[in-house]
Amino acid sequence: VIRLTNLGIREVDKETLEASEAYGATPLQKLTTVQIPLSLPTIFAGVNQTIMMALAMVVIASMIGVKGLGVPILRAISNQYLALGLMNGLAIVALAIIFDRITQEYGRRIQKHRDPQKKITNLHLTQMTKIELKNVYKIFGHSPSKILPMVEQGGTKEAILEETGHTIGLNNVSLSIQEGETFVCMGLSGSGKSTLIRHINRLIEPTSGEVSVEGTDVTKLDKKQLIEFRRHKMSMVFQRFGLFPHKTVIENVAYGLQVQKISLEERNKTAMEKIEAVGLIGFEHQYPSQLSGGMQQRVGLARALATNTDIMLIDEAFSALDPLIRSDMQKQLLDLQSELKKTIVFITHDLDESLRLGDHIGILEGGRLVQVGTPIDIVMNPADDYVEAFVKDVNRVKIIKAKAIMTSSEEFHNKGVQNPNTIRVNEDTFIEEFLPQVCCLATTVEVIDNSGDIRGYITENELSKILTKSQIADHNQAAQQN
C-alpha cells in the first residue's frame with residue numbers, strides 16, 4: 001500500500017502541482033487536496049493487492065495447520081466433511097471477491113474523472129512599475145553557480161551545453177512591466193518564455209538576479225511569505241489548463257479561495273460570478289474531462305479571476321486550442337482586461353496573438369531578451385534579423401490598434417489640420433475595421449477611450465506610414481504563394 005501510494009503521488013501531473021503551488025497551497029494543503037485524491041486509484045490498488053495476499057495466506061495457513069480462518073476447512077477435509085469444507089472454502093472465495101469488487105469499483109469511480117487529455121502535448125493608467133526583473137540568470141544543471149561566470153563572460157547557450165551539460169534558461173534578462181498593462185513575452189520553443197514567467201511567482205528559483213513585484217524582492221521571501229504572496233498577489237493560467245481532474249468546475253474555480261480558508265458559501269458565490277463571466281453557467285458541476293479544450297481553458301481563466309489578484313500570469317494558455325476557439329478566447333481576454341485593467345504577463349509563440357493582445361512585447365531568443373517595445377515598435381523597427389524574421393510578413397492593419405498610431409491632441413491641433421469629415425473609434429479598434437471609411441471619405445479619426453474621452457487623432461499621414469509597409473508585406477507574401 002505504501003509503495004503504490006508513493007507511486008501515485010509521484011505520478012501526479014507536474015502542471016497540476018504547479019497550479020496548486022501558484023495559488024498559495026501549503027505543502028499539507030497540496031498533499032490533502034491534490035496529491036492524495038489523485039493517487040486514490042493506485043492507493044486502492046495497493047489495498048486490493050494487500051487483501052488478496054492476506055486471503056491467500058489464510059488458505060496456505062489452513063493447508064499447514066496454522067490456527068485461523070482456514071482451520072474449519074482443514075478440519076472438514078480431515079474428517080471427510082466435504083460439504084462443510086466446500087462451504088467454508090466458498091466463504092473465503094466470496095470474501096475475496098467482495099473485497100476485490102469494492103476496492104476496484106471505488107478506484108474506477110475516482111479514475112473516471114481524471115482528465116484523459118492531461119498529457120496532450122491600456123497604458124493611459126497611472127504608470128507605475130509593477131514587476132521588474134534585473135539581470136536575471138537561470139542555468140539548469142547540477143552546478144549552476146559554477147557555470148554562471150562562463151555565461152556572464154558571453155558563453156552561448158549551445159557552447160555551454162556542449163562543454164558543461166548545463167542549459168541556459170535565462171541570460172541576463174532585465175525588464176519592467178507597468179501596472180495595468182498586458183506584457184506579452186514571445187519567442188520560439190526553448191527561448192525561455194515559460195522559464196521567465198515562473199520566476200515571477202518563484203515556481204522557478206533564479207540562479208542570479210532580482211525579481212521585484214511592487215518593490216518587493218520575491219527571491220528573498222521565506223516559505224510563509226511566499227505562500228501569502230502567491231495567494232494574494234497573483235494568479236496563473238496554464239498551457240495545458242492545470243485543472244484538478246478530481247474536482248468539479250466550481251471546485252476548481254474556487255480552489256484559490258479554498259486554500260485561503262474562505263468559507264464555502266462565500267467562495268462558491270465568487271466562483272459562480274467568475275463562471276458566469278467566462279460563459280460557463282450550467283457547467284459548474286461538471287468535471288474537466290467532460291468539457292472541451294476551450295471550456296477547460298475558460299475554467300482556468302475563471303480560477304485566475306476568482307482570487308481577485310492584481311497580476312495574472314498566462315502561460316501559452318491558448319496555444320492548444322482550435323483557431324476559432326483561440327480567437328474567441330483572445331477576444332474574451334481583451335474584453336475582461338478593458339474592464340478589470342489587471343497587470344497581465346502573457347506567454348506565446350504566436351506573433352499575431354502577441355500583437356493583438358500586448359501593450360508591450362518582449363522577444364526572447366536562447367534565453368536572451370533581444371527587444372522590448374510596443375507592437376508598432378516591434379513591427380516597424382525590428383531590432384535584429386531574428387525579430388525581422390518574425391514580423392516580415394505581418395499585415396499591419398490587422399493587428400495594430402488605433403491607439404498605437406494616434407497623435408496626441410496637442411500635436412494634432414498644432415498642425416492645424418482642417419477636415420470636416422470625422423469619425424470616432426475606440427482606442428482598441430484595429431485599423432482594418434475603420435480603414436475603408438477613412439479611404440473613401442478622407443476622414444480624420446478621433447480616438448476615444450471607454451469613457452468617450454478623446455485620447456488622440458489619426459490622419460492620413462499616420463495611416464500612410466502603416467499602409468506603405470503593409471502593402472509591401474502583402475506583396476511579398478503573395479509573391480511567395482505564387
Side-chain angles (χ1 to χ4, degrees), residues 15 18 22 122-123 129-138 140 157 167-204 206 209-213 218 234-240 242 300-301 304 310-320 326 329-330 333-334 337 342-379 382-384 386-391 394 399 404:
E15 195 170 81
E18 281 188 331
N122 304 324
L123 236 39
T129 299
K130 193 77 169 180
I131 302 168
E132 188 170 17
L133 279 69
K134 293 181 180 178
N135 308 114
V136 174
Y137 292 85
K138 178 60 185 179
F140 295 98
K157 185 173 184 176
T167 301
I168 299 175
L170 296 176
N171 188 345
N172 196 22
V173 171
S174 297
L175 62 85
S176 296
I177 299 172
Q178 304 304 308
E179 183 177 29
E181 76 165 319
T182 298
F183 185 94
V184 178
C185 187
M186 69 164 295
L188 299 176
S189 179
S191 60
K193 306 183 300 296
S194 294
T195 299
L196 185 149
I197 201 173
R198 282 165 172 76
H199 276 72
I200 298 174
N201 60 359
R202 232 178 90 186
L203 288 176
I204 293 178
E210 181 180 324
V211 180
S212 297
V213 176
V218 179
M234 62 183 62
S235 55
M236 190 166 184
V237 185
F238 293 85
Q239 180 177 1
R240 293 188 300 276
L301 184 57
D310 296 335
I311 300 169
M312 285 177 60
L313 309 178
I314 304 180
D315 183 21
E316 294 204 62
F318 306 153
S319 63
R326 184 174 188 170
M329 289 297 298
Q330 291 169 355
L333 181 61
L334 287 169
Q337 177 64 345
K342 292 182 178 291
T343 304
I344 297 176
V345 184
F346 190 99
I347 302 298
T348 184
H349 61 266
D350 186 294
L351 179 65
D352 287 344
E353 185 168 66
S354 66
L355 294 170
R356 184 179 186 188
L357 299 178
D359 294 305
H360 281 90
I361 299 169
I363 298 182
L364 282 164
E365 179 192 17
R368 297 181 304 108
L369 189 64
V370 296
Q371 186 172 1
V372 176
T374 63
I376 196 167
D377 289 336
I378 299 294
V379 171
D384 59 16
Y386 177 76
V387 181
E388 188 170 7
F390 268 113
V391 304
V394 171
I399 45 80

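Predicted model, so just to flag it, every value in this text is computed and none were measured.
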Which atoms form the tightest heavy-atom contact between [X] and [Y], and what is the distance?
X    : Y    : result
S191 : L364 : CB-O, 3.5 Å
I197 : I314 : CD1-N, 3.6 Å
M236 : A22  : CB-CB, 4.1 Å
E316 : H349 : OE1-ND1, 2.7 Å
G358 : P375 : O-CG, 3.2 Å
A317 : V237 : CB-CG1, 3.7 Å

Identified side chain to side chain contact (heavy atoms under 4.5 Å, CB included) partner of S354 from the options I378, I363, I361: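 Filter result, single survivor: I361.
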R368 and its side chain to side chain contact (heavy atoms under 4.5 Å, CB included) partner, picked from L170, N172, N171, I168: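 Only one option passes, and that is N171.
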V173 vs H199 side-chain heavy atoms within contact, under 4.5 Å: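 SC-SC contact between V173 and H199 ruled out.
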K193 (side chain) donor-acceptor with L188 (main chain) under 3.5 angstrom: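 Flag set: sc K193 to bb L188 pair under 3.5 Å.
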Sidechain-backbone polar pair: E181 side chain, D359 backbone, donor-acceptor under 3.5 Å: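 Judged by distance alone, no pair lies under 3.5 Å.
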Evaluation steps, side chain to side chain contact (heavy atoms under 4.5 Å, CB included), between L301 and M329: CA-CA 10 Å; L301 184 57; M329 289 297 298; 4.3 Å; yes
Rounded at 0.5 Å granularity, tell me how far [atom1] in [X] sits from [atom2] in [Y].
X    : Y    : atom1 : atom2 : value
T195 : L203 : OG1   : CG    : 11.5 Å
F390 : Q371 : CZ    : CD    : 11.5 Å
I344 : K130 : CD1   : NZ    : 12.5 Å
Q337 : T343 : CD    : OG1   : 7.5 Å
R198 : L196 : CZ    : CG    : 11.0 Å
S319 : Q239 : OG    : CD    : 4.0 Å

Working for side chain to side chain contact (heavy atoms under 4.5 Å, CB included), residues I177 and E132: CA-CA 6 Å; I177 299 172; E132 188 170 17; over 6 Å; no
With sequence neighbours excluded, residues passing side chain to side chain donor-acceptor pair (under 3.5 Å) with S235: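 S235 satisfies side chain to side chain donor-acceptor pair (under 3.5 Å) with T309 only.
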Pairing residues for K342 by the side chain to side chain donor-acceptor pair (under 3.5 Å) criterion, not counting sequence neighbours: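 Result, side chain to side chain donor-acceptor pair (under 3.5 Å) vs K342: none returned.
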Qualifying residues under side-chain contact (heavy atoms from CB on, under 4.5 Å), relative to Q330, sequence neighbours excluded: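 Q330 satisfies side-chain contact (heavy atoms from CB on, under 4.5 Å) with F318, R326, E353, R356, L357 once adjacent residues are dropped.
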Qualifying residues under side-chain contact (heavy atoms from CB on, under 4.5 Å), relative to S174, sequence neighbours excluded: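 Scan of S174 (side-chain contact (heavy atoms from CB on, under 4.5 Å), adjacent residues dropped) gives N135.
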Set of residues satisfying ring pair (Phe, Tyr, Trp, His ring centres under 6.0 Å) with respect to F238, sequence neighbours excluded: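 With sequence neighbours excluded, F238 shows a ring pair (Phe, Tyr, Trp, His ring centres under 6.0 Å) to no residue whatsoever.
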Ring pair (Phe, Tyr, Trp, His ring centres under 6.0 Å) involving Y137 - partner list, sequence neighbours excluded: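 With sequence neighbours excluded, Y137 shows a ring pair (Phe, Tyr, Trp, His ring centres under 6.0 Å) to no residue whatsoever.
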